Engineer: 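I have a structure I would like to understand better, so I am pasting it below and will then ask my questions one at a time.
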Amino acid sequence: MGVLFTLFDPLGSLTGDLAKLSTPLLLAIGAISFIIFSVVFNVVSQLACKDKNKPPLVFHYFPFIGSAVTYGMDPYAFFSANQKKYGDVFTFVLFGKRMTVYTHLTTPVFGEGVVYDCPNHRLMEQKKFMKFGLTTETFKSYTPLIVEQVEDYIKKSKYFKGAQGQGPLGEIIPEVTIFTASRSLQGKEVRDALDGSFATLYHDLDLGFNPMNLMFPWFPFPGNRRRDAAQKKMARFYMDLIAKRRKNPNAAEQEKDMIWNLMDRSYKDGTEIPDREVAHMMIALLMAGQHTSMATTTWLLLHLAEQPKIVAALYEEQQHICGQELRPLVYDDLAKMPLLNNVIREVLRMHPPIHSIIRKVKSPMYVRDSNYVIPAGYHVLAAPGTSAMDEKYFKNPNAFDPNRWDDMEDEEEAEKFDFGYGLVNKGTASPYLPFGAGRHRCIGEQFANVQLGSIIATFIREFELALPGDGKVPPPDYTSMITLPTPPAAVLWKRRNP
């Protein structure tokens, strides 16, 4: 007893001292003690419990948070540093989720029953329906509509008054891309609605594309509540539009768009697509491509403004194809402009719009040529920009050089596969993956090229471009899920024909 009393007597004294402290101070001491214990336990468990059959875990001090801060600050620097340390396959913790990276989201925004809120076979059918509306014939009708929207925007925008000026791309390009996509893919009614209250709903829904929504889509953040309300109102807008069109089916002959394309389609089991699902697919179509096209168009204009000689060469290319007086641009012209297409490919190589493509592992996944097994419940993360900026595949990868594509194999010659929605390039063997690969490769890839080509060609016809300030393209901003340039991103413009 004497020995035990001697050992525990100081604890009794400490307990008495703690009892004299105020409640807030006790809570603070408890919180700090809990954090210290959690960090120590987390560090010890990482050092002591290593499983050779799992990819190595990136060392981190704080449980749950893991590597979120360093990953969020600069994903590609994070991937590169850990690739050198752990190899081509490694795992890191991101807000409690284990992300396995290979170096070589969406129900609340889009709505129920579409995209990733339905079985995979149903998603493949939906992509097939969408692809039917993305044909050469529809692209021929889309091109003049896109050009018309860009020209109309330049004519009316406050940012293009006078013979020359400076344009803030962060304000201009989101409007240009959403106006062109809505007018071509979804019809005049949707485009006209974007000038009114629909634009506010779109903005609220747009805020659903952020990291917190990805990790905690169910949490009642104010932004999530506005997102949910906007989704319901936008769905109702589309359903009312569909009901109006069903009363006048002959109108489809006047102008064919994606809404008409989906209204009378049925799944393989004979089930007609409900109007609500058509509405949700329209929201997905409007939202999913908007961010990527916006980011790519912004980077395109910045890189071109940095190199006026390329702008001049693009203008000469158009004159060669469309004549010195530049007749109206048509779809077939785009394929005849190799420099324009190379510029787009080079920007997509340097700035793939989405820096992290994430999939959840549903069953144990074996990593080829290794002993690693990624357990079910982990998440697999692919970073398309890592291989695209690798010296092994692209000489001098940090340089903007459209001419590098002159002698490179056209991807149209690559292996094709039908995942259930028609033949597409697999892309899995290529280091150039701006549109993803495999069954989830972006079906809007061809439309994106038509939209980007038409927008840039129109800007080249209208303006000479340069960069303000030091004349350098701003660095990427990785604080959002879509990789945009660090603000402010602007270009100096001068009308060719004042």
Side-chain angles (χ1 to χ4, degrees), residues 126-155 173-195 202 238 241 245 251-263 265 278 281-297 300 318 321-322 326-337 340-341 343-345 348 353 412 421-422 424 434-435 441-462:
Q126 291 175 357
K127 293 179 76 170
K128 189 172 185 178
F129 296 149
M130 293 280 195
K131 197 174 181 185
F132 285 147
L134 298 171
T135 64
T136 299
E137 289 306 308
T138 57
F139 292 153
K140 287 181 178 180
S141 67
Y142 291 165
T143 301
L145 294 176
I146 293 171
V147 171
E148 177 187 60
Q149 287 297 309
V150 179
E151 291 177 339
D152 188 61
Y153 183 88
I154 292 173
K155 186 185 302 181
I173 301 307
E175 293 187 324
V176 169
T177 50
I178 195 65
F179 290 164
T180 54
S182 60
R183 180 64 185 91
S184 55
L185 291 173
Q186 302 199 4
K188 189 174 185 299
E189 303 105 317
V190 178
R191 165 61 188 93
D192 290 344
L194 282 168
D195 287 328
Y202 173 84
Y238 281 110
L241 175 58
R245 288 190 174 192
E253 301 302 321
Q254 301 174 13
E255 185 176 312
K256 195 74 172 176
D257 55 40
M258 191 64 75
I259 298 177
W260 284 115
N261 173 57
L262 293 174
M263 281 171 52
R265 297 207 175 269
V278 174
M281 279 191 264
M282 287 301 96
I283 294 174
L285 188 65
L286 188 67
M287 302 294 295
Q290 162 63 4
H291 297 81
T292 52
S293 294
M294 172 188 68
T296 304
T297 304
L300 276 163
Q318 286 202 55
I321 300 299
C322 302
L326 292 178
R327 60 165 171 74
L329 186 74
V330 298
Y331 170 72
D332 290 335
D333 294 334
L334 297 175
K336 301 173 184 177
M337 298 180 181
L340 176 63
N341 290 296
V343 165
I344 293 172
R345 294 179 76 182
L348 285 168
E412 291 301 317
Y421 55 91
V424 296
F435 295 99
R441 187 181 178 115
C442 177
I443 60 168
E445 177 178 355
Q446 289 180 295
F447 173 77
N449 285 319
V450 172
Q451 183 187 26
L452 294 169
S454 301
I455 291 174
I456 296 303
T458 306
F459 268 90
I460 294 297
R461 288 184 175 212
E462 294 286 337

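Residues take their numbers from the sequence shown, with the count starting at 1. What you are looking at is a predicted structure, and each value in this text was computed from that prediction instead of being measured.
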Engineer: Hey, are the side chains of Gln446 and Asn449 touching, using non-hydrogen atoms and a 4.5 Å cut-off?
Structural biologist: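 No, their side chains stay 4.5 Å or more apart.
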
Engineer: Does a donor on one side chain and an acceptor on the other come within less than 3.5 Å for Thr180 and Gln149?
Structural biologist: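 Distance-only check fails for Thr180 and Gln149.
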
Engineer: Please identify each residue that fulfils salt bridge (Lys or Arg N to Asp or Glu O under 4.0 Å) with Glu151, with sequence neighbours left out.
Structural biologist: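 For Glu151 there are no salt bridge (Lys or Arg N to Asp or Glu O under 4.0 Å) partners, ignoring immediate neighbours.
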
Engineer: If you define the side chain from C-beta out and look only at heavy atoms, does anything of Val330 sit under 4.5 Å from Lys140?
Structural biologist: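 Contact flag for Val330/Lys140 side chains = no.
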
Engineer: A side-chain contact here means heavy atoms from C-beta on lying under 4.5 Å apart; do Leu340 and Leu334 qualify?
Structural biologist: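 Leu340 vs Leu334: side chains touch.
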
Engineer: Going by salt bridge (Lys or Arg N to Asp or Glu O under 4.0 Å), name the pairs with one or both residues in residues 328-337, residues two or more places apart or in two chains.
Structural biologist: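 Listed once each, the pairs are Arg327-Asp333.
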
Engineer: Could you check whether any side-chain heavy atom of Phe179 comes within less than 4.5 Å of a side-chain heavy atom of Leu194, counting everything from C-beta outward?
Structural biologist: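 The answer is yes; the side chains approach within 4.5 Å.
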
Engineer: Check whether any side-chain heavy atom of Arg191 sits under 4.5 Å from a side-chain heavy atom of Gln186, and report yes or no.
Structural biologist: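 No, their side chains stay 4.5 Å or more apart.
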
Engineer: If you take all heavy atoms of Gln451 and Thr177, which pair is closest and at what distance?
Structural biologist: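 Scanning both residues completely, I find the closest heavy atoms to be NE2-O, 3.2 Å.
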
Engineer: Working to the nearest 0.5 angstrom, can you tell me the gap between Met258 CE and Leu285 CG?
Structural biologist: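 One finds 5.5 Å between CE of Met258 and CG of Leu285.
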
Engineer: Please state whether the rings of Phe447 and Tyr142 are parallel, tilted or perpendicular, taking 30° and 60° as the class boundaries.
Structural biologist: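 Rings of Phe447 and Tyr142: perpendicular, over 60°.
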
Engineer: With no hydrogens and no angle check, do the side chains of Arg345 and Asn341 hold a donor and an acceptor under 3.5 Å apart?
Structural biologist: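 Arg345 vs Asn341: no donor-acceptor pair found between side chains.
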
Engineer: Please list, chain by chain and in numerical order, all residues satisfying side-chain hydrogen bond (donor to acceptor under 3.5 Å, both in side chains) with Thr143, sequence neighbours excluded.
Structural biologist: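 Thr143 satisfies side-chain hydrogen bond (donor to acceptor under 3.5 Å, both in side chains) with no residue once adjacent residues are dropped.
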
Engineer: Quick one: side-chain hydrogen bond (donor to acceptor under 3.5 Å, both in side chains) partners of Glu148, sequence neighbours excluded?
Structural biologist: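 Expected list: none.
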
Engineer: Would you sort out whether Val278 and Tyr238 count as a side-chain contact (heavy atoms from CB on, under 4.5 Å), showing the intermediate values?
Structural biologist: CA-CA 8 Å; Val278 174; Tyr238 281 110; over 6 Å; no

Engineer: By side-chain hydrogen bond (donor to acceptor under 3.5 Å, both in side chains), which residues pair with Ser454, not counting sequence neighbours?
Structural biologist: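 None.
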
Engineer: Let me know which of Ile455, Ile154, Thr297 forms a side-chain contact (heavy atoms from CB on, under 4.5 Å) with Val176.
Structural biologist: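 Output: one option passes, namely Ile455.
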
Engineer: After noting the C-alpha distance and the side-chain angles of Ile460 and Gln318, does the key distance pass the side-chain contact (heavy atoms from CB on, under 4.5 Å) rule?
Structural biologist: CA-CA 9 Å; Ile460 294 297; Gln318 286 202 55; 3.8 Å; yes

Engineer: Go through the structure and list residues passing salt bridge (Lys or Arg N to Asp or Glu O under 4.0 Å) with Arg461, not counting sequence neighbours.
Structural biologist: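 Here no residue qualifies.
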
Engineer: Run the side-chain contact (heavy atoms from CB on, under 4.5 Å) test on Ser182 and Met282 for me, step by step, so that the C-alpha distance in whole Å, both residues' side-chain angles and the decisive distance to 0.1 Å come before the verdict.
Structural biologist: CA-CA 10 Å; Ser182 60; Met282 287 301 96; over 6 Å; no

Engineer: Which heavy-atom pair separates Ile344 from Leu300 by the least distance, and what is that distance?
Structural biologist: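 Reported closest heavy-atom pair: CA-CD2, 3.9 Å.
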
Engineer: Can you name the closest pair of heavy atoms from Leu329 and Ala457 and give their distance?
Structural biologist: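 Shortest heavy-atom contact: CD2-CB, 3.9 Å.
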
Engineer: Taking the side chain as C-beta and beyond, is there a heavy-atom pair between Leu348 and Pro353 under 4.5 Å?
Structural biologist: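 When only atoms from C-beta onward are counted, Pro353 and Leu348 do touch, with a gap below 4.5 Å.
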
Engineer: Shortest non-hydrogen contact from Arg183 to Lys188?
Structural biologist: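 Shortest heavy-atom contact: NH1-N, 3.6 Å.
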
Engineer: OG/Ser184 to CG/Leu145 distance, rounded to the nearest 0.5 angstrom?
Structural biologist: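 Answer rounded to 0.5 Å: 6.5 Å.
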
Engineer: Measure the shortest side-chain to side-chain distance between Leu185 and Leu134 over non-hydrogen atoms and say whether it is less than 4.5 angstrom.
Structural biologist: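 Leu185 vs Leu134: side chains touch.
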
